[in-house]
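Reviewing the structure listed below.
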Amino acid sequence: MHVRLSRFAGLPPERIDDTIDEFREQQLPELERQAGFKGVLVMLNRGTGQAAALTFWESEANLHASEKVASRAREAAVASAQPAREPIVDRYEVVLQR
């Protein structure tokens with residue numbers, strides 16, 4: 001399994017809920033249609049204005065094939081949330097899961 005971790009910082013508190021709703025309704029369905037999609041976790045720290053989205057992919061090839069869709073989802077989140085800085089994106093192979 002492979003994952004993509006997108007981290008956001010400097011989120012204005014008044015924009016967080018609308019951004020999550022937009023992701024759930026508009027970007028998530030397209031991600032779910034991608035080959036090898038295995039799930040997503042969206043995490044939030046309202047106190048610090050930080051958020052992270054972790055998407056799970058069956059293979060490294062599926063992860064790479066989904067890059068354009070994931071990029072559009074991040075761009076939409078940035079447009080909606082207007083964070084203080086651009087998101088940081090990392091990709092990993094899962095080597096241990098319990």
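Keep in mind the model is a prediction, meaning the values are calculated, not measured.
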- prompt: Which one of L63, N62, T55 satisfies the side-chain contact (heavy atoms from CB on, under 4.5 Å) criterion with H2?
  reply: L63
task: Step by step, work out the salt bridge (charged side-chain N to carboxylate O under 4.0 Å, His left out) result for R4 and E67.
output: CA-CA 9 Å; R4 180 184 303 107; E67 290 291 345; 3.4 Å; yes
message: Within this structure, what is the CG-CD distance for the pair D17 and E22, rounded to the nearest 0.5 Å?
response: 11.5 Å
message: If I compare all heavy atoms of P83 with all of L11, which pair ends up nearest, and what's the gap?
response: CB-CD2, 3.7 Å
query: Atom CZ of R7 and atom CE of M43: how far apart are they, to the nearest 0.5 Å?
result: 10.5 Å
field: Test log, rule side chain to side chain contact (heavy atoms under 4.5 Å, CB included), inputs T19 and F8
entry: CA-CA 12 Å; T19 300; F8 300 83; over 6 Å; no
query: Are the side chains of L28 and V40 in touch, meaning some heavy atoms are under 4.5 Å apart?
result: yes
query: Same cluster for V69 and W57 if Ile/Leu/Val/Met/Phe/Trp/Tyr side chains link at under 4.5 Å?
result: yes
- request: Identify whether V89 and Y92 are in the same connected component of the hydrophobic contact network (ILVMFWY, side-chain heavy atoms under 4.5 Å).
  value: no
message: Starting from V42, can I reach F37 by hopping between I/L/V/M/F/W/Y residues whose side chains sit under 4.5 Å apart?
response: yes
- prompt: Do V78 and L44 belong together in a cluster built from hydrophobic side chains that touch within less than 4.5 Å?
  reply: yes
message: Check this for me, if you would: do E30 and R72 make a salt bridge, where the nitrogen-to-carboxylate-oxygen distance has to be below 4.0 angstrom?
response: yes
- request: Look up atom CZ in F56 and atom CE in M1, then write down how far apart they are to the nearest 0.5 Å.
  value: 7.0 Å
- request: Hey, could you give me the OG/CD distance between S80 and Q82, rounded to the nearest 0.5 Å?
  value: 7.5 Å
message: Please tell me whether L41 and V94 are part of a single hydrophobic cluster in this structure, the criterion being side-chain heavy atoms less than 4.5 Å apart.
response: yes
task: Decide side chain to side chain contact (heavy atoms under 4.5 Å, CB included) for I16 and R46; before the verdict, give the C-alpha distance in whole Å, the side-chain angles of both, and the deciding distance to 0.1 Å.
output: CA-CA 8 Å; I16 290 173; R46 289 179 191 276; 3.8 Å; yes
query: Which heavy atom of P12 sits nearest a heavy atom of A81, and at what distance?
result: CD-O, 3.1 Å
- request: Can you see which heavy atom on L5 is nearest to which on A52, and at what distance?
  value: CD1-CB, 4.0 Å
query: Could you go step by step and tell me if D21 and R24 meet the salt bridge (charged side-chain N to carboxylate O under 4.0 Å, His left out) rule?
result: CA-CA 5 Å; D21 289 343; R24 182 183 300 117; 3.0 Å; yes
